Student: 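Take this structure, written in structure tokens, and hold onto it; I'll ask about it next.
Predicted model, so just to flag it, every value in this text is computed and none were measured. Residues: numbered from 1 along the sequence shown.
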Amino acid sequence: MLKLTLLPDEYLTVNGDIVVQLLRVAGGRADVAVEAPREMPIVRGAVLERSGGQRPACLAPPPKKKPRYYRDQVFRWNDDRERAVRAMKRVFDRLEEQGSVEEAKVLRTQLDRIIPAFWEDDLAER
């Protein structure tokens with residue numbers, strides 16, 4: 001089996017008429033676009049196996065256990081975390097507007113303890 005590493009927006013071709021492009025990687029997921037002739041069936045592996053098909057022998061076996069995440073593991077910044085932090089900050093702003101300044105201050109402090117501002121800036125750039 002040929003293994004390739006692609007960066008977002010890179011692509012590969014198969015037999016000249018099939019194009020596979022890596023669109024985006026975020027949060028442990030990859031968005032892939034496939035252009036192929038209509039007569040060429042393209043089926044997600046989980047769907048194939050659910051409908052009785054066999055996992056191709058050339059693939060690595062599926063993991064037996066989910067990976068364990070340790071407390072000191074490197075913090076992975078992604079779009080979902082960025083959106084969550086922004087949504088939380090909007091809620092804090094609304095709390096302040098409604099007069100709950102102390103509650104908003106406590107929550108902002110806790111968020112800063114979880115995600116220090118320097119991490120937010122540094123990791124968002126990657």
Side-chain angles (χ1 to χ4, degrees):
M1 173 184 283
L2 172 66
K3 287 182 159 184
L4 301 171
T5 301
L6 296 176
L7 295 172
D9 295 326
E10 289 185 333
Y11 66 95
L12 61 94
T13 63
V14 179
N15 202 28
D17 58 350
I18 300 170
V19 179
V20 179
Q21 182 181 22
L22 178 62
L23 299 175
R24 176 182 148 191
V25 178
R29 301 192 97 184
D31 293 339
V32 178
V34 179
E35 176 71 32
R38 283 225 178 259
E39 59 273 4
M40 175 83 51
I42 299 172
V43 181
R44 182 186 298 260
V47 173
L48 176 70
E49 292 174 25
R50 221 178 14 243
S51 63
Q54 293 295 315
R55 182 178 182 86
C58 63
L59 296 178
K64 297 198 188 295
K65 297 198 302 188
K66 288 186 177 180
R68 295 182 70 196
Y69 293 99
Y70 298 98
R71 197 182 102 192
D72 296 330
Q73 182 179 11
V74 173
F75 188 83
R76 303 281 181 214
W77 194 252
N78 61 32
D79 293 342
D80 292 334
R81 285 192 172 91
E82 179 73 28
R83 282 191 293 275
V85 168
R86 288 178 190 210
M88 291 170 81
K89 287 180 178 181
R90 286 192 299 271
V91 170
F92 301 157
D93 292 341
R94 283 199 304 270
L95 280 172
E96 288 174 344
E97 289 170 4
Q98 296 170 357
S100 302
V101 176
E102 283 303 311
E103 288 87 351
K105 183 178 178 184
V106 169
L107 292 172
R108 282 185 200 277
T109 301
Q110 297 306 317
L111 181 62
D112 289 342
R113 286 182 179 163
I114 296 169
I115 306 170
F118 67 88
W119 276 19
E120 211 175 316
D121 297 337
D122 182 47
L123 295 171
E125 291 173 8
R126 290 184 187 175

Student: Which heavy atom of Leu48 sits nearest a heavy atom of Val43, and at what distance?
Tutor: N-CG1, 3.8 Å
Student: Under 3.5 Å, side-chain donor or acceptor atoms of residues 2-24 against the rest of the protein: list the pairs with distances, not counting sequence neighbours.
Tutor:
from	atom 1	to	atom 2	distance (Å)
Glu10	OE1	Leu7	N	2.8
Gln21	NE2	Asp9	O	3.3
Arg24	NH2	Asp79	OD2	3.1

Student: Can you run down the salt bridge (charged side-chain N to carboxylate O under 4.0 Å, His left out) pairs that involve residues 38-63, sequence neighbours left out, and say none if there aren't any?
Tutor: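 Only Glu49-Arg55 qualify under salt bridge (charged side-chain N to carboxylate O under 4.0 Å, His left out).
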Student: In the hydrophobic clustering that connects Ile, Leu, Val, Met, Phe, Trp and Tyr at side-chain heavy-atom distances below 4.5 Å, which members other than Val106 occupy its cluster, ordered by chain and number?
Tutor: none
Student: Got a sec, which residues hit side chain to side chain contact (heavy atoms under 4.5 Å, CB included) with Arg29, two or more places apart in sequence or on another chain?
Tutor: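 Partners of Arg29 by the side chain to side chain contact (heavy atoms under 4.5 Å, CB included) criterion come out as none, since no residue qualifies.
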Student: Please give the remaining members of the hydrophobic cluster of Met1, linking ILVMFWY side chains under 4.5 Å, ordered by chain and number.
Tutor: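 Its cluster mates, by chain and number, are Leu59.
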Student: With sequence neighbours excluded, tell me which residues meet side-chain hydrogen bond (donor to acceptor under 3.5 Å, both in side chains) with Asp93.
Tutor: Arg108
Student: Can you name the residues that form a side-chain hydrogen bond (donor to acceptor under 3.5 Å, both in side chains) with Arg83, not counting sequence neighbours?
Tutor: Asp80
